[in-house]
Structure formats: structure tokens, C-alpha cells
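Right, one structure below, let's go through it.
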Amino acid sequence: MQYARWKEECKEMDSHVGSGKIITAPIITEDGFPIKDPLVLLEATSDTQGTSIATGNSGNGIENRVLDKQIIDWKLTLHQIGLDVLRTDRTMVFYENKDNISKLWDILAVYAWIDKEVGYCQGMSDLCSPMIVLLHNEADAFWCFERLMRRLRGNFRCTQQSVGVENQLQHLASIIQVLDPKLHGHLERLGGGDYLFAFRMFMVLFRRELSFGDSLYLWEMMWALEYDPGICSTYEEDNTGAVVHKIEGKVKSIRQFGKYERENMKKRANDGDGPVPISVFLVASVLKENSTKLLQEARGIDDIIRILNNVNGNLDAKRACVVALKLHRKYHKKLQEKKS
């Protein structure tokens with residue numbers, strides 16, 4: 001019901017929402033004026049509500065100018081969502097059905113409206129697509145995506161000074177520096193010491209490095225390894241929709257936690273920065289597995305990106321998790337040796 005209310009709210013602002021069609025061209029200027037674009041004319045819905053804004057059929061458009069900054073910002077993202085949706089999992093038979101494409105667009109458009117701080121960013125369509133494929137009910141797919149974004153939305157907070165995954169990139173740099181100083185030195189000499197070439201792996205959780213099925217398998221393994229029984233408290237809400245953190249009694253056994261989380265709990269007393277997400281060690285495992293190739297073939301940033309883009313087909317999800325756990329243990333062991 002809540003999703004239906006939000007979707008209706010979005011539909012009142014732009015009638016493409018829920019129409020079965022998507023937008024792939026800008027429909028509004030930054031000043032709030034409707035754009036008269038042939039591409040928009042072709043895609044505009046046939047209903048009367050909001051059509052003048054979508055098609056620009058209202059003369060000079062002054063009477064249809066949008067003044068609300070939040071609505072303008074939201075409308076400015078709609079065509080970008082459309083362009084990304086058309087590129088998402090485009091080889092899958094599932095998306096040959098245009099209803100499924102529009103469902104993905106609708107969910108992302110609604111999410112962009114309710115998350116005023118982050119809105120929509122490129123990469124979210126890759127994270128949302130599995131929810132559409134696995135869950136037939138659109139509202140169910142939306143809420144699973146919304147919960148996933150609670151976990152990952154920090155990755156999408158970017159400013160002119162920093163990127164959302166900066167902390168993870170810094171952790172990755174320190175891990176490789178400790179575990180494979182030769183590789184780290186080589187990457188630094190090539191101008192890759194900031195590890196920005198690994199940006200995509202963190203943003204979409206290996207969705208583009210693995211096949212659809214393998215990436216979901218990896219997600220399940222990651223989250224099982226990181227499992228914390230108290231994580232459900234982050235899903236509890238009060239009547240206002242605000243998140244309420246509840247403690248449902250004491251955990252009886254450490255074995256209720258995932259394997260990676262158990263190891264983190266043992267080390268937490270010595271780690272002032274808190275646990276590092278397992279995704280960082282997964283990316284480290286990919287770099288370690290391709291270390292020889294990177295050292296021998298990489299002569300610049302473009303070569304690094306090319307080598308890492310070609311891991312698809314060679315990356316085994318289960319092995320990546322096993323190696324990530326080994327690197328996690330080895331990294332903390334070396335840190336302890338340095339301290340002592």
C-alpha cells in the first residue's frame with residue numbers, strides 16, 4: 001500500500017510512471033521548463049494528465065513550468081534511469097518483455113523520489129534488476145531493493161571531493177600493500193594507487209564481472225558470511241516510517257553469526273575502525289588471482305581496467321569467497337605481527 005501511494009504520487013508529477021512506457025530523453029530543463037524534444041514526443045503517454053509537460057504542446061510552456069526544486073531534480077533523472085534500464089541485463093530473455101523493462105524503470109523512478117539525499121545513480125539498475133526477475137510482485141521487488149539500498153546507499157554518496165566507496169578503496173589499498181607489496185608498488189607506478197579502477201566492483205557488487213546467476217550466488221554467500229542476527233533490527237520501522245533499532249534479547253551463541261562476522265567479532269577489540277566489508281577482501285582476491293597478469297601485462301590504467309574487465313568467465317564465486325576469508329585472516333595476522 002505504501003509503495004502504491006508513492007507510485008501514485010510520482011504519477012501525478014509525471015504520467016509516464018505506471019504507464020508501461022519509459023523516458024530516454026530529457027523532459028525538463030534545470031529551470032523547470034518542459035522540453036520540446038522529438039524523442040519525448042514519440043514516447044509520451046497518450047493520456048491528458050501531464051502530457052503537456054512531456055510533449056511541450058502548450059505553446060511557450062510558461063504555464064507548465066515546474067517551480068519545486070525537488071520535483072525538477074527528480075524529473076531530470078528520469079531519462080537517465082531510462083537509458084540505464086535499457087542497458088541492464090539486456091541479453092536476458094526476461095527483458096524482451098517490455099512490461100518488465102517498464103517495471104524496473106517504475107521502481108527506480110519511485111526510489112529516486114523517496115530517497116531525496118541520494119536519488120538515482122548509475123549502477124542502481126544493476127542492483128534492482130535481480131529483484132524484478134526473482135519477485136513477480138512489483139511492490140515486493142521495490143521493498144527488497146529499498147532494503148538492499150539501506151545497506152549500499154553510502155556507496156552512491158559522491159561529492160566533488162570524494163566518492164562514496166572511498167573508505168573501501170582505501171582499505172583495499174592497505175590490504176594489497178600488506179599482502180602483495182610488489183603488486184601495490186606496480187599499481188602505484190602506473191597511477192592506480194587510489195584503486196579507482198576497482199570502483200565498479202564495489203558499486204554493483206560484481207554484477208558486471210559475473211553472469212547473472214553467479215553474481216546472485218556470490219551475493220548469497222557474501223551475506224551469509226557477514227550474517228548478523230541483529231541485522232533484522234535495521235528493518236524495523238515505527239508508524240512514521242523511521243527506522244527503529246531494536247534489540248531482541250541476547251544472542252545465545254556466536255555460531256548464530258556468519259563465518260566472516262565471527263572472525264570480525266574476535267578481532268573487533270583490536271580494530272578501532274570497525275569491520276571491513278567482505279566485498280573489500282573479495283576485490284582483493286580478484287587482484288591477487290590476477291597478480292601475475294597485472295605485473296606482466298599492465299603498462300597503464302587502461303591495461304588494468306582491461307584485465308579486470310576480462311575476469312568474467314574466469315571468476316568462480318565460491319573460490320572468491322574462500323580466498324577472501326584466507327586473505328582476511330592473513331591480513332589481520334600480519335597486522336598483529338607488525339604491532340608486536
Give the minimum heavy-atom separation between [X] and [Y], together with the two atoms involved.
| X | Y | value |
| --- | --- | --- |
| Ile107 | Glu138 | CD1-O, 3.6 Å |
| Asp31 | Ile72 | C-CD1, 4.2 Å |
| Leu327 | Ala284 | CD1-C, 3.8 Å |
| Val286 | Leu315 | CG2-CD1, 3.9 Å |
| Ser279 | Gln168 | OG-OE1, 3.5 Å |
| Asp68 | Gln70 | OD1-N, 2.8 Å |

Judged by atom type as modelled, is there a donor-acceptor pair below 3.5 Å linking the side chain of [X] to the main-chain atoms of [Y]?
| X | Y | result |
| --- | --- | --- |
| Asp180 | Ile176 | no |
| His186 | Ala298 | yes |
| Ser291 | Lys288 | no |
| Asp214 | Leu210 | no |
| Trp219 | Arg207 | no |
| Ser215 | Ser211 | yes |
| Asn155 | Met203 | no |

Would you be so kind as to tabulate the donor-acceptor pairs closer than 3.5 Å made by side chains of residues 126-135, with sequence neighbours excluded?
{"residue": "Asp126", "atom": "OD2", "partner": "Arg208", "partner atom": "NE", "Å": "3.2"}
{"residue": "Asp126", "atom": "OD2", "partner": "Arg208", "partner atom": "NH2", "Å": "2.6"}
{"residue": "Ser129", "atom": "OG", "partner": "Asp89", "partner atom": "OD2", "Å": "2.6"}
{"residue": "Ser129", "atom": "OG", "partner": "Tyr95", "partner atom": "OH", "Å": "2.8"}

(request) Answer yes or no: are there more than 12 heavy-atom neighbours, outside Arg306 itself, under 6.0 Å from its atom CZ? (result) yes

(request) Please indicate whether Arg90 has more than 12 foreign heavy atoms, meaning atoms of other residues, nucleotides or ligands, lying under 6.0 Å from its CZ. (result) no

(request) Taking atom types as modelled, find out whether Tyr195 and His171 have a side-chain donor-acceptor pair closer than 3.5 angstrom. (result) no

(message) Applying side chain to side chain contact (heavy atoms under 4.5 Å, CB included) to Phe197 and Leu287, what does each step give before you reach the verdict?
(response) CA-CA 11 Å; Phe197 54 80; Leu287 294 178; 3.9 Å; yes

Tell me whether [Y] is reachable from [X] by hopping between hydrophobic residues (I, L, V, M, F, W, Y) whose side-chain heavy atoms are closer than 4.5 Å.
| X | Y | answer |
| --- | --- | --- |
| Met92 | Ile101 | yes |
| Met221 | Phe202 | no |
| Phe94 | Leu216 | yes |
| Leu78 | Leu83 | no |
| Leu190 | Leu295 | yes |

(message) So, using side-chain hydrogen bond (donor to acceptor under 3.5 Å, both in side chains) as the criterion, who are the partners of Lys116 when residues are at least two apart?
(response) none

(request) Please report the C-alpha distance between Lys318 and Tyr217 in whole Å, then the side-chain angles of each, then the deciding distance to 0.1 Å, and finally whether the side chain to side chain contact (heavy atoms under 4.5 Å, CB included) criterion is met. (result) CA-CA 8 Å; Lys318 187 173 183 179; Tyr217 181 68; 3.9 Å; yes

(message) Which label fits Trp74 and Trp113: parallel for a plane angle under 30°, tilted from 30 to 60°, or perpendicular past 60°?
(response) perpendicular

Please tell me if the side chains of [X] and [Y] come closer than 4.5 Å, counting only heavy atoms from C-beta onward.
| X | Y | answer |
| --- | --- | --- |
| Met124 | Asp84 | no |
| Glu226 | Phe257 | no |
| Tyr120 | Asp115 | no |
| Gln122 | Arg87 | yes |
| Ile114 | Phe142 | yes |
| Met1 | Arg5 | yes |
| Ser174 | Tyr331 | yes |
| Arg329 | Leu325 | yes |

(message) Let's go through Asp194 and Leu169 carefully: what are the C-alpha distance in whole Å and the side-chain angles of both, what is the deciding distance for side chain to side chain contact (heavy atoms under 4.5 Å, CB included) to 0.1 Å, and is it a yes or a no?
(response) CA-CA 7 Å; Asp194 54 11; Leu169 293 172; over 6 Å; no

Find the distance between [atom1] ([X]) and [atom2] ([Y]) and round it off to the nearest 0.5 Å.
| X | Y | atom1 | atom2 | value |
| --- | --- | --- | --- | --- |
| Ile71 | Leu76 | CD1 | CG | 12.0 Å |
| Phe281 | Lys326 | CZ | NZ | 15.0 Å |
| Lys103 | Asn100 | NZ | CG | 5.5 Å |
| Leu225 | Glu263 | CG | CD | 9.0 Å |
| Asp303 | Leu308 | CG | CG | 11.0 Å |
| Glu188 | His184 | CD | NE2 | 3.5 Å |

(request) Apply the ring pair (Phe, Tyr, Trp, His ring centres under 6.0 Å) test between Tyr111 and each candidate in Phe156, Tyr3, Phe145; give the one that qualifies. (result) Phe145

(message) As a quick check of understanding, evaluate side chain to side chain contact (heavy atoms under 4.5 Å, CB included) for Trp105 and Thr88, giving each step before the final call.
(response) CA-CA 11 Å; Trp105 186 80; Thr88 303; over 6 Å; no

(message) Going by ring-ring contact (aromatic ring centres under 6.0 Å, His included), name the residues that satisfy it together with Phe206, two or more places apart in sequence or in a different chain.
(response) none

